[in-house]
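One structure below.
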Amino acid sequence: MEYNNEYNLDLYPKKLRWKEGDLNATRTTMWSGPGCHEGCQVIFYTDDDGKLVKVEGDPNSPFNQGRLCMRCLELPELVNHESRLKYPMKRARDERGQDTWERVSWDEAYDIICENVRKFQQESGPESIISMIGTGRNVSQVIAHNQYANFGGPDLTLCFLSGDSCMLPRTALCYVVMGNQWVADMSQFRENRYEKDEDWVVPECIVLWGTNPVVCNSDAFLGHWIVEAMKRGSELISVDPQLTWIGSRAKYWLRLRPGTDAALALGMMNVIINEDLYDHEFVEKWCFGFDQLKERVQEYPPEKVAEICWIDKDLLIEASRFYAKAKPSTIQWGLAVDMSKIGTQTALAIADLAGITGNIDNPGGNILIDQAGGLEFGYNSGIEYLKEGMVEKRLGNSKYNLKKYGFTASSQSDAILDAIDTGLDEKGDPRPVRMLWIQSSNPITNMGQDAPRIYRAMKKVDFICVIDMFMTPFASACADLILPCAMSNERDCVRVWFDPIRSLTKTGSYYEAKEDEQIMIDLGHRLSPELWPEWVQTPRDYMNWRMQNAPECRYDSMEELEDAGGWHYHPFRYFKHEKGLLRPDGQPGFNTVTGLYELAPVLFDSWGDDPLPFYEEPPSSPYSTPNLAEEYPLVLTTGKRSFEFFHSEWRQADTTSRELHPVPYFDIHPDTAAKYGIAEGQWAWIENQMGKCRQVARYNSTLDPRVISTEHGWWFPEKQAAEPELFGVFDCNPNNLIPMGENGPSGYGAPIKCSIAKVYPSTSENMATENQPTYQVTRGSGYTHGPSHKTDTPSFYDGIK
Amino acid sequence: MARGDYGLMIDYRFCSGCHACEVACKKEHDLPRGDFGIRVLQHGPHETSDGVWEYDYVPLPTHLCDLCAARTAEGKLPSCVHHCQAGVMVYGPVEELAAKAKKAEATTSAQMVIYPR
Ligand code: SF4
Ligand code: SF4
Ligand code: SF4
């Protein structure tokens, strides 16, 4: 760019540590927690006591190029926060929900864990112990390795996230279609970025499908890379129910009704195929199932799709033409794809759209990528230690073909919750769940749907151990033992999701908080010493052990990687399918059954599932449940992101995040607000047949007046931890309104972003303590409901089935 | 250097409203709650009568902005400029900024503001 700044790189030497005035500078990588999915390269400035004083972005970094989000800039606020967990603490099981924690030593904590683990293994089998993780955190490899090697159970899951509805539906689908997964190409896998990389091409068209990338930075993709492409001429198509800032810069904004993404993709393919705008060469040479797909899209003419999606027909046609004609075009997809019941089918429709236009593994298109250096640092870490026959016991797996046949690295939370509730697995066989190991997740605040049901179910579990940075609502309500974990700057670690491989170098510690790796190692030597080399005693040892065991990884130790500058880019090649780089047999093609990009996966066909994408109405909507919609007329979408927070993190009242964003907001069209008597800035109730929550109204005239949009992850650390206050956790939680167990045919996907609700203003009468969801859930049997509520326990099916 | 010689230039066409400049500044200057050396103002989203959606963030330095005198004396960029997520802030002599703005405007239809300090 003409006006770019030049950093003074003399002041940011490419070495691990240096002195700057009174402070010690360390160049390293930031990865949760707290944090996000990314792993930006940072410089931590510490004082001589190791206290984190300030953070700067590393200008040498090809990844974030010196830049940082506000949360990494305010990082010292959380790292040094007085209310962080300082010591392990236990609480008597019958005192859950009370503030009666008792400090214990690490040795005692380990004894408690080992005693319970051995007891449950003996009495109910290792499968009675389940590990649960938050999203994309820097414990993916730790929690898996610990679960499989130390506890021996097969179940690892995204903590009560219905239908694994975060990236996993898209990833599993991609492995079926192309034997790999794709991401939009912003030159991020090359050390020389943008025009400095001679192979990269500026995408002519970027589709932002169900993502607001600059805010959410999801799935190891830094959203502002899109802004860099825009500066270089990329045009955007924004597929989003509301106009985001980046969407306002788009050539086309398709304001679809939440949950109708599959219909839109099918409609776009209808236009592209029928107008002969598809890539004949790629389709003929590399795709399987085109004729079937061509037939299927005939069921989705633009008129019909426009009606389903609440968008303009001509806009749909124009955007489809633009996407197909632009060379290259790329799609950056987001969470909204996963968060409908037909998450897998939606992902298939979008993958097919990219396939028929030939935007696969081409510069500036959708490129295929694996983990850096062949290191398995994800949910399959340590899977080799599981005893034979264990994987087959994964809860939910027998019910869903995709999972049964191995296109999964996790178990299904919905099936786990059912097993906790009923004591039975999905086949009806006894399956006690005795122990939950919850690492960096806060499910009743954030991640779990039907939060009150999860809260109730936890009472049936014998032993719950939480590993976290703060006392969370979940830990306060449900844990028997809580272990304080180190934050990102307090850990030695290696990051490989995706390229480059990056090192994290420890710069300090906080009271007795321990690295997640250390907890795993300590437990390993106690519980399964035969699986742990004697010399692996510290997180650094662990990293070195794993690197030495990965033949493709060019570094054998963290020290080598740190000395090399803290990151390394493996060679990235385009058009890998042409060069025989994707299949184990070295032949050209994709690593699929047919060797082709499967528009209609043969595996789906052979399992008796529909191999083609289709659209189905969300389980509750103005069309699928018209009677219910008379009472709950608005379409509710959830999980709107903001710069200030990452899920339930950063809610502490004295943070800059809360200064800028003090209360939860829901977006509502001003006409709709007026209709229901709600003023901007006023608290209002959002309610449906399952439950209710309240947030503050924020006018948003870009929404369809029939749609409202809420935030997620709110709790109030300034409130009391003990019940019935419980940090106000249920009061503002839209997950009170969303079911568990409403999953599509693949087991993946859930209607988290597409349900229905009504809104009404808060008044002094309906704001009393007894009316607050947290009080109702912790002290009463559930919610106070309208006429559609017929049973004691609120159910999604009241008024539906 | 005299007051007004140096300044900040911001291309708010690509400012995403990410707050990084605000927080970078607060941290650099250890500003208390409520104080800002730069504030990101929001216009829109608003549909104009010709059907165009306007939605802009415009960062506005306050009287507390000293152009990061301590940092720039060391040879560093001002903290907001260093960290700006969209890379749309430039620090330099006002004449140079004006020349850059002119050039950028001609090639990329930028939306530039210059704040001499
Ligand atoms: S994306 Fe933002 S929050 Fe995440 S590591 Fe990078 S700067 Fe930090
Ligand atoms: S130049 Fe420095 S003082 Fe001025 S707004 Fe930016 S960070 Fe704040
Ligand atoms: S840091 Fe840059 S992109 Fe972010 S709000 Fe400030 S000027 Fe805008």
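Below, all heavy atoms of this structure are taken into account, side chains as well, without hydrogens, waters or symmetry copies. Chain naming here is simple, since letters A, B, ... match the order of the sequence lines and numbering starts at 1 in each.
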(message) For chain A, which candidate among B/Glu54, B/His46, B/Glu74, B/Arg33 shows the most heavy-atom pairs at distances under 4.5 Å?
(response) B/Arg33
(request) Heavy-atom distances under 4.5 Å only: say whether B/Cys84 touches chain A with side chain, backbone, both or neither. (result)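 Contact with chain A is through the backbone of B/Cys84 alone.
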(message) At a 4.5 Å cut-off on heavy atoms, which part of B/Glu28 comes close to chain A: side chain, backbone, both, or neither?
(response)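 Only the side chain of B/Glu28 comes within 4.5 Å of chain A.
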Atom [atom1] of [X] and atom [atom2] of [Y]: how far apart are they, to the nearest 0.5 Å?
X: B/Cys18; Y: A/Leu68; atom1: SG; atom2: CG; value: 10.0 Å
X: B/Ser16; Y: A/Ile226; atom1: OG; atom2: CD1; value: 12.5 Å
X: B/Tyr57; Y: A/Ser248; atom1: OH; atom2: OG; value: 8.5 Å
X: B/Asp11; Y: A/Lys231; atom1: CG; atom2: NZ; value: 7.5 Å

Any heavy-atom pair between the side chains of [Y] and [X] that's under 4.5 Å?
X: B/Glu22; Y: A/Glu659; result: no
X: B/Phe14; Y: A/Ile246; result: no
X: B/Pro45; Y: A/Gln242; result: no

(message) Please identify which of these residues, B/Lys26, B/His19, B/His83, meets the side-chain contact (heavy atoms from CB on, under 4.5 Å) condition with A/Met70.
(response) B/His19
Side chain, backbone, both or neither of [X] within contact of chain B (heavy atoms, under 4.5 Å):
X: A/Trp225; value: neither
X: A/Ser657; value: neither
X: A/Val215; value: neither
X: A/Thr244; value: backbone

Look only at the side chain of [X] and the backbone of [Y], and say whether a donor-acceptor pair between them is shorter than 3.5 Å.
X: B/Gln85; Y: A/Arg67; answer: no
X: A/Arg249; Y: B/Arg13; answer: yes
X: A/Trp245; Y: B/Cys15; answer: yes
X: B/Lys27; Y: A/Pro76; answer: no

(message) Over 60° means perpendicular and under 30° means parallel, so tell me whether B/His82 and A/Tyr7 are parallel, tilted or perpendicular.
(response)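 Judged by the thresholds at 30° and 60°, the geometry between B/His82 and A/Tyr7 is perpendicular.
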(request) Name the option with the most non-hydrogen atom pairs under 4.5 Å to chain B; the candidates are A/Asn8, A/Val227, A/Leu660. (result) A/Leu660
(request) Could you check which of A/Arg71, A/Gln65, A/Glu77 has the highest count of heavy-atom pairs closer than 4.5 Å to chain B? (result) A/Glu77
(message) I need the minimum non-hydrogen distance between A/Cys69 and B/Ala20, along with the two atoms involved.
(response) C-CB, 4.4 Å
(request) Give the minimum heavy-atom separation between B/Tyr55 and A/Leu243, together with the two atoms involved. (result) CE1-O, 3.6 Å
(request) Please check if atom CG in A/Asp22 has more than 12 non-hydrogen atoms from other residues, nucleotides or ligands closer than 6.0 Å. (result) no
(message) Heavy-atom count check: over 12 atoms from other residues, nucleotides or ligands less than 6.0 Å from A/Lys14 NZ?
(response) yes
(request) Go through A/Glu56 and B/Lys76 one step at a time and tell me if the salt bridge (Lys or Arg N to Asp or Glu O under 4.0 Å) criterion holds. (result) CA-CA 11 Å; A/Glu56 289 197 19; B/Lys76 287 190 169 188; 3.1 Å; yes
